[in-house]
Amino acid sequence: QKGSPREWAYVQLGAKWYVRESGFKLNQSGELFDMSDAPFVEKPIASDSENTDAKAAEAGNRVYQFFIPSYTVLFVFFLVNIMGRSFLSERDTGTLRRLRISPVSPSAILIGKTLPFLILSLIQTVILMISGKILFGMSWGSQPWLLIPIMLCTSSAATALGLMFSTLAKTESQVSSFGNLILLSSAGISGCLVPRAWMPLLSQKISLMTPHAWALDAYGELLTKDIPSHSVIGQSCIALLLFASVFFVIGLYRFRSDAV
C-alpha cells in the first residue's frame, strides 16, 4: 500500500517465478542467490553455506567480473578502424593490386592480411585479463581454460568484421565516420556499456544480432557462475564463429569483385 513499501516482491514470468528482496532472490527451484552485486552478478548460495560474507570476500570485487570483460570485448572490436585504415593505405600504395595479380588466391591473401590482426587481438585480450586479475582481483572462474575458446572466437569475429568493413570502406572519412558509428552503436545495444539486464526486453533480443552480445554471454557464464554451463558457452562460441564466417565470406566476395 502507499506509504508502506514491501520488503519483498513476487515475480512470475511464464512458468518461472522468484521471490526477491533487497539482498537475496529465491527461485522456483529452491535456489538462493546473493543479490548484493546485482545486476552485475547473481551469486548462488550453497545450501551448506554458513558465512555468506566470507564467501563474498573470497570472490573479491565481483563488479569487475562485468566491467573488465565488457570493455575487453569493446576494445577488441576497435580493430575494425585499424584494419580499415591499413587496407586503405595498401590500396593507395598499390600493394593490394600487386597481390591480386600474383599467383595467390584471394582467400589466401585475406587470411594473410587478417592473421596479424587476430594475433594482436588475442594479445590485447590476454593483457586485459591478466591486468584485471592482478590489479582488481578479478576471478577467471572455476574453469579458466574456457577463456581460450571464448577469446579465440571473439577475436575471430572481430577481425572478420574488420575485414568486411575494410573491403566496403573506400575513403578515410568513411572509415572514421562509419567505423565509429558501427563500433559505438553495437557496443551500446550489446551490453558493453551498460548491463543488458537494464535494457528493455526488445533491446535485449535485438542485441543478439551483434557478436558483442554473444561474447558477453560467454564471459558472463564463465566468470559469474560457480559451475558454468558448457552448453551456454559452446552456443555463444558457435554464434561467434558463424558471425566470423559470414563477415569473411562477404569480405572475400567484395575483395574479388572490387577492382582494387
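For the numbers below, each heavy atom of this structure counts, side chains included, while hydrogens, waters and symmetry mates do not. This chain uses plain numbering: 1 for the first residue, then up along the sequence. Predicted, not measured: the structure shown is a model, and the values here were computed from it.
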query: Between the side chain of E221 and the main-chain N/O of S229, is any donor-acceptor distance below 3.5 Å?
result: yes

task: Write down the atom of I68, the atom of G132, and the distance for their closest heavy-atom approach.
output: CD1-CA, 3.4 Å

task: Give a yes or no on this: more than 12 heavy atoms of other residues, nucleotides or ligands lie within 6.0 Å of atom CD1 of I227.
output: no

- request: Find the distance between CG (L135) and CD1 (I130) and round it off to the nearest 0.5 Å.
  value: 11.0 Å

task: Please report the shortest heavy-atom distance between S155 and T125, naming the atom on each side.
output: OG-OG1, 4.1 Å

Closest approach of L110 to L252 (non-hydrogen atoms, all atoms of both residues): CD1-CA, 3.6 Å

message: So L168 and F178, do their side chains get closer than 4.5 Å, heavy atoms only?
response: no

message: Do L118 and L115 have side chains that approach each other closer than 4.5 Å (heavy atoms only, starting at C-beta)?
response: yes

task: Using side chain to side chain contact (heavy atoms under 4.5 Å, CB included) as the criterion, list what pairs up with S166, not counting sequence neighbours.
output: M83, F87

query: Does any non-hydrogen side-chain atom of I233 lie less than 4.5 Å from one of P149?
result: no

- request: Using a 4.5 Å cut-off on heavy atoms from C-beta on, say whether the side chain of M199 contacts that of V194.
  value: yes

task: Report yes if some heavy atom in the side chain of I150 is under 4.5 Å from a heavy atom in the side chain of C237; otherwise report no.
output: yes

- prompt: Just by distance, do the side chain of S185 and the backbone of L181 share a donor-acceptor pair under 3.5 Å?
  reply: yes

- prompt: Are the side chain of T224 and the backbone N or O of G220 linked by a donor-acceptor pair below 3.5 Å?
  reply: yes

task: Measure the spacing between OG of S121 and CE of M151 and express it to the nearest 0.5 Å.
output: 10.0 Å

- line: One should read off an interatomic distance between R196 CZ and L201 CG, to the nearest 0.5 angstrom, of 10.5 Å

- request: Begin from the C-alpha positions of H212 and F77 and carry the test side-chain contact (heavy atoms from CB on, under 4.5 Å) through to its verdict.
  value: CA-CA 8 Å; H212 307 57; F77 279 89; 3.5 Å; yes

message: As an exercise, state the distance from CZ of F255 to OG of S107, rounded to the nearest 0.5 Å.
response: 10.0 Å

- request: Is it possible for you to say whether L152 and W214 belong to one hydrophobic cluster, with membership spreading through side-chain heavy-atom contacts below 4.5 Å?
  value: yes

message: Who clusters with V249? Use side-chain heavy atoms, under 4.5 angstrom, across I, L, V, M, F, W and Y, and order the result by chain and number.
response: none

query: Going through the distances and angles, do L183 and V80 end up as a side-chain contact (heavy atoms from CB on, under 4.5 Å)?
result: CA-CA 8 Å; L183 291 173; V80 169; 4.1 Å; yes

- line: One should read off an interatomic distance between F243 CZ and L161 CG, to the nearest 0.5 angstrom, of 10.0 Å

message: If hydrophobic clusters are built from ILVMFWY residues whose side chains come within less than 4.5 Å, do I238 and Y219 share one?
response: no

- prompt: Between S186 (side chain) and I182 (backbone), is there a donor-acceptor pair under 3.5 Å?
  reply: yes

field: Intermediate values then yes/no, side-chain contact (heavy atoms from CB on, under 4.5 Å), L163 and F117
entry: CA-CA 10 Å; L163 170 65; F117 291 100; over 6 Å; no

- prompt: Taking the side chain as C-beta and beyond, is there a heavy-atom pair between W140 and L222 under 4.5 Å?
  reply: no

message: Testing the basics here: between A157 and F247, what is the closest heavy-atom pair and its distance to 0.1 Å?
response: O-CD1, 3.7 Å

task: Supply the atom-to-atom distance I189 CD1 to L184 CG, rounded to the nearest 0.5 angstrom.
output: 13.5 Å

query: So do the side chains of V126 and L147 get within less than 4.5 Å of each other, counting heavy atoms only?
result: no

field: Same cluster (ILVMFWY, side-chain, under 4.5 Å), V246 and L241
entry: no

query: According to the interplanar angle, ranging from 0 to 90°, do the rings of W145 and H230 count as parallel (below 30°), tilted (30 to 60°) or perpendicular (above 60°)?
result: perpendicular

Working for side-chain contact (heavy atoms from CB on, under 4.5 Å), residues F248 and S156: CA-CA 10 Å; F248 184 84; S156 297; over 6 Å; no

- prompt: Relative to each other, are the rings of Y71 and F75 parallel, tilted or perpendicular (30° and 60° limits)?
  reply: tilted

- line: On a heavy-atom basis, the closest approach of S207 and S190 is CB-CA, 3.8 Å

message: For S139 versus L223, what's the shortest heavy-atom pair and its separation?
response: O-CD2, 3.4 Å

query: Heavy-atom distance under 4.5 Å between the side chains of C192 and L216, does that happen here?
result: yes

